[in-house]
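Just the heavy atoms: all of them, side chains too, but no hydrogens, waters or symmetry mates, feed the values below. Proteins get letters first, then strands, A, B, ... in listed order; numbering begins at 1 in each.
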Amino acid sequence: AQTVTQSQPEMSVQEAETVTLSCTYDTSESDYYLFWYKQPPSRQMILVIRQEAYKQQNATENRFSVNFQKAAKSFSLKISDSQLGDAAMYFCAYRSGTGANSKLTFGKGITLSVRP
Amino acid sequence: DAGVIQSPRHEVTEMGQEVTLRCKPISGHNSLFWYRQTMMRGLELLIYFNNNVPIDDSGMPEDRFSAKMPNASFSTLKIQPSEPRDSAVYFCASSNRGFNYGYTFGSGTRLTVV
């Protein structure tokens with residue numbers, strides 16, 4: 001079974017600075033997808049960024065980028081120019097690339113606070 | 001696109017009562033997922049459907065929990081009888097066959113059983 005590990009329960013960053021959130025996963029598959037979700041206090045789950053395992057290029061969405069290391073099974077999220085609105089819980093998630101019904105497996109999440 | 005719609009947003013009930021949570025997925029999405037979120041256990045998949053058919057219900061904690069999807073636009077999660085340990089946020093999410101896009105989540109139902 002696939003597992004997703006987020007070992008840091010909390011992190012803090014100064015506004016306008018850069019922060020990196022760590023995630024590792026365990027799988028025997030070669031085809032899969034990885035995601036970062038943001039959950040602000042409103043509790044809405046918001047998709048931040050996704051990465052296809054077959055792509056070597058790291059995904060980027062504005063101030064959010066990932067460092068995908070397939071061999072190391074590592075998938076970290078970098079937030080540049082942190083803003084107060086980035087304060088939230090962030091979840092790393094894995095989805096198998098085989099089968100149209102594959103489920104998302106989530107890590108425990110990390111709470112990010114942003115200091116003004 | 002109205003997104004995934006869940007109701008109610010909050011539910012407070014007494015122990016032993018029946019609780020029904022509702023979900024309307026995004027039109028055209030063929031997969032629907034029910035998750036439960038607690039501080040202790042994080043996000044747990046309870047059950048998911050594909051084309052209205054339950055595919056994996058191994059996450060359903062016990063017989064008190066049941067889920068149905070009578071058509072492509074509606075699903076329910078029922079707890080009968082409810083217990084205080086069922087208190088959590090319950091999310092519904094839907095997805096289409098392009099699974100590289102992850103899920104779209106509803107706003108969740110916060111259930112409190114007293």
More than 12 non-hydrogen atoms from neighbouring residues, nucleotides or ligands closer than 6.0 Å to [atom1] on [X], yes or no?
{"X": "N71(B)", "atom1": "CG", "answer": "yes"}
{"X": "Q57(A)", "atom1": "CD", "answer": "no"}
{"X": "K78(A)", "atom1": "NZ", "answer": "no"}
{"X": "K68(B)", "atom1": "NZ", "answer": "no"}
{"X": "K24(B)", "atom1": "NZ", "answer": "no"}

Report the distance from atom CG of L104(A) to atom CG of L45(B), rounding to the nearest 0.5 Å.
->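 The CG atom of L45(B) is 9.0 Å from CG of L104(A), to the nearest 0.5 Å.
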
Can you tell me how far the OG1 atom of T104(B) sits from the CD1 atom of I46(A), to the nearest 0.5 Å?
->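 CD1 of I46(A) is found 11.5 Å from OG1 of T104(B).
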
Looking only at atom types and distance, does a side-chain atom of Y103(B) sit under 3.5 Å from a main-chain N or O of L47(A), one as donor and one as acceptor?
->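 Judged by distance alone, no pair lies under 3.5 Å.
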
Kindly say whether K103(A) contributes a backbone atom to a donor-acceptor pair with the side chain of Y48(B) at under 3.5 angstrom?
->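 Checking the backbone N and O of K103(A) against the side chain of Y48(B), no donor-acceptor pair under 3.5 Å is found.
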
Joint cluster assignment, L77(B) & V12(B), ILVMFWY side-chain distance < 4.5 Å =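 No, L77(B) and V12(B) fall in different hydrophobic clusters.
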
Common cluster, F74(B)/F91(B), ILVMFWY with side-chain heavy-atom separation under 4.5 Å |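 Different clusters.
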
Partner chain B: residue of M45(A), K108(A), Q44(A), R43(A) with the largest heavy-atom pair count (under 4.5 Å) =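 Heavy-atom pairs under 4.5 Å are most numerous for R43(A).
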
Would you check if the distance from the ring center of Y35(B) to the ring center of F106(A) is below 6.0 Å?
->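 Here the rings of F106(A) and Y35(B) have centres that are less than 6.0 Å from each other.
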
With a 4.5 angstrom heavy-atom cut-off, could you sort out which part of M40(B) is near chain A: side chain, backbone, both or neither?
->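 For M40(B), backbone heavy atoms alone lie under 4.5 Å from chain A.
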
Segment of E44(B) engaging chain A (4.5 angstrom heavy-atom cut-off) |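 Contact with chain A is absent: no heavy atom of E44(B) under 4.5 Å.
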
Under 4.5 Å from any heavy atom of chain B - which part of F91(A) =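 Just the side chain, heavy atoms under 4.5 Å.
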
In terms of heavy-atom proximity below 4.5 Å to chain B, should Q6(A) be classed as side chain, backbone, both, or neither?
->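 For Q6(A), neither part sits under 4.5 Å from chain B.
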
